[in-house]
Amino acid sequence: MQIIQFNGYTLRELRVSDSAAIFPTLSDMENHKFTTFDPHENEEQTARWIERQNLFWAIALPDDTAVGFVGYHSIDTEHKICMISIHLNKAFWGKGIAPAAVSIADNYIFSNTGIEQIAATVKPENTQSQRCLLKAGYTLEKVIENYVSSAVNDHSRVRHYYAKRKSISEDV
C-alpha cells in the first residue's frame with residue numbers, strides 16, 4: 001500500500017518498529033474493554049504480534065509516530081470476505097480519524113484484492129466503533145447472540161455484525 005495523507009495523518013504499512021508507539025494502545029484496559037483479545041503485557045509481545053500481521057496499516061502523526069492501526073484478518077479467499085480491526089490511542093478518539101482511515105483502507109482492499117465484503121463484530125456497548133463503522137459505510141446486518149471469544153477478559157456473548165460490500169463502481 002502506498003503512503004496516504006489524510007486530515008493531517010498518514011496511513012502507511014504497520015511496521016515492527018511501531019511496537020513502542022502501539023504498545024500503550026494494545027496494553028490499555030480502556031482500549032481493551034471492547035476487544036476480542038487480551039491486552040498486551042509488554043512491548044515485545046506487541047512486536048511479535050505486528051510481525052504476524054499482513055494487511056495492517058498504521059495511522060501515524062506527521063512525525064511518523066503510529067497512534068493506531070486499521071487491519072484486515074481472517075481472510076477467506078473462497079468467500080471473498082475478511083474482518084476488520086481498528087485500534088486508536090484513546091487520546092485521538094472522537095476526532096473523525098478512524099472513520100477516515102477505515103474508508104481509505106477499505107477502498108484499497110476492494111481495489112487491490114479479491115475481497116468483496118469486509119465485516120466487523122462489535123460489542124453492543126461499543127457505540128464509538130459502531131458510529132465509526134456507520135460513517136465508513138458499513139451497515140448493521142445482524143446481532144449474534146452466542147458469540148465466543150478466545151480472550152480471557154471477554155465475557156460478552158453478544159456482538160453486532162457490521163458489513164461493507166464492494167460496490168460495482170469500485171470495479172471500474
Side-chain angles (χ1 to χ4, degrees), residues 1-4 6 9-16 18-19 22 25-26 31-32 34-40 45-60 66-89 96-124 126-151 154 156-172:
M1 175 181 186
Q2 67 214 20
I3 295 173
I4 298 171
F6 71 100
Y9 297 89
T10 301
L11 195 61
R12 60 155 173 81
E13 182 179 357
L14 183 64
R15 305 181 292 244
V16 173
D18 293 320
S19 60
I22 293 294
T25 299
L26 294 182
N31 268 331
H32 271 278
F34 300 125
T35 67
T36 57
F37 61 94
D38 294 319
H40 287 192
Q45 182 182 8
T46 300
R48 286 192 315 268
W49 178 84
I50 291 172
E51 284 177 339
R52 294 189 308 270
Q53 305 316 311
N54 186 9
L55 291 173
F56 275 65
W57 292 287
I59 300 168
V67 295
F69 59 84
V70 176
Y72 301 87
H73 58 92
S74 304
I75 299 168
D76 181 339
T77 54
E78 180 182 345
H79 296 102
K80 301 179 180 181
I81 186 171
C82 68
M83 302 298 288
I84 185 171
S85 292
I86 311 140
H87 286 270
L88 190 63
N89 184 293
I97 300 164
V102 168
S103 292
I104 293 165
D106 286 354
N107 287 339
Y108 179 88
I109 292 294
F110 287 140
S111 297
N112 295 284
T113 72
I115 296 298
E116 294 180 3
Q117 179 177 326
I118 303 169
T121 56
V122 182
K123 291 181 182 179
N126 189 351
T127 57
Q128 283 185 296
S129 287
Q130 292 173 37
R131 280 192 304 272
C132 171
L133 291 168
L134 290 170
K135 286 179 183 177
Y138 287 71
T139 57
L140 175 61
E141 295 205 344
K142 63 184 170 182
V143 175
I144 302 169
E145 296 291 338
N146 294 308
Y147 186 89
V148 177
S149 170
S150 61
D154 184 5
S156 174
R157 296 294 170 240
V158 177
R159 293 293 191 279
H160 289 183
Y161 182 90
Y162 287 84
K164 183 179 186 179
R165 288 177 177 69
K166 181 177 183 176
S167 69
I168 295 170
S169 64
E170 289 166 356
D171 284 330
V172 180

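The shown structure was predicted, so the numbers you read here are calculated from the model rather than taken from an experiment.
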List for me each residue that meets side-chain contact (heavy atoms from CB on, under 4.5 Å) alongside E145, sequence neighbours excluded, and say none if there are none.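 Only V143, V158 meet the side-chain contact (heavy atoms from CB on, under 4.5 Å) criterion with E145.
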Indicate the atoms forming the closest heavy-atom contact of [X] with [Y], along with that distance.
| X | Y | value |
| --- | --- | --- |
| A105 | V70 | CB-CG1, 3.8 Å |
| A163 | Q117 | CB-NE2, 3.6 Å |
| P99 | A136 | O-CB, 4.0 Å |
| H160 | P124 | NE2-CB, 3.7 Å |
| A101 | F6 | CB-CZ, 3.7 Å |
| K164 | S103 | NZ-CA, 4.3 Å |

For E141, is the CD atom crowded, meaning more than 12 foreign heavy atoms sit under 6.0 Å from it?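 Enclosed: over 12 neighbouring heavy atoms sit under 6.0 Å from CD of E141.
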Other residues, nucleotides, ligands: >12 heavy atoms within 6.0 Å of L140 CG: yes
Just so I know, are the side chains of [X] and [Y] near enough to count as touching, which here means a heavy-atom distance under 4.5 Å?
| X | Y | result |
| --- | --- | --- |
| Y138 | I84 | yes |
| K123 | R159 | yes |
| V67 | L88 | yes |
| I118 | F110 | yes |

Reported [atom1]-to-[atom2] distance for the pair [X] and [Y], which is rounded to 0.5 angstrom:
| X | Y | atom1 | atom2 | answer |
| --- | --- | --- | --- | --- |
| L55 | S85 | CG | OG | 11.5 Å |
| D18 | F56 | CG | CZ | 13.0 Å |
| N126 | R131 | CG | CZ | 9.0 Å |
| D106 | I115 | CG | CD1 | 11.0 Å |
| S111 | K166 | OG | NZ | 6.5 Å |
| I81 | E116 | CD1 | CD | 10.5 Å |

From the options I50, I59, I86, L26, select the one residue that forms a side-chain contact (heavy atoms from CB on, under 4.5 Å) with F69.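 So, applying the side-chain contact (heavy atoms from CB on, under 4.5 Å) to F69 and each of I50, I59, I86, L26, only L26 qualifies.
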Looking at T113, I75, D76, T77, which hits side-chain contact (heavy atoms from CB on, under 4.5 Å) with C82?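 Of the listed residues T113, I75, D76, T77, the side-chain contact (heavy atoms from CB on, under 4.5 Å) partner of C82 is I75.
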Keeping to residues at least two apart or across chains, list the side-chain hydrogen bond (donor to acceptor under 3.5 Å, both in side chains) pairs with something in residues 48-57. E44-R48
Under a 3.5 Å distance rule, please check whether N107 uses its side chain to pair with a backbone N or O of I104 as donor and acceptor. no
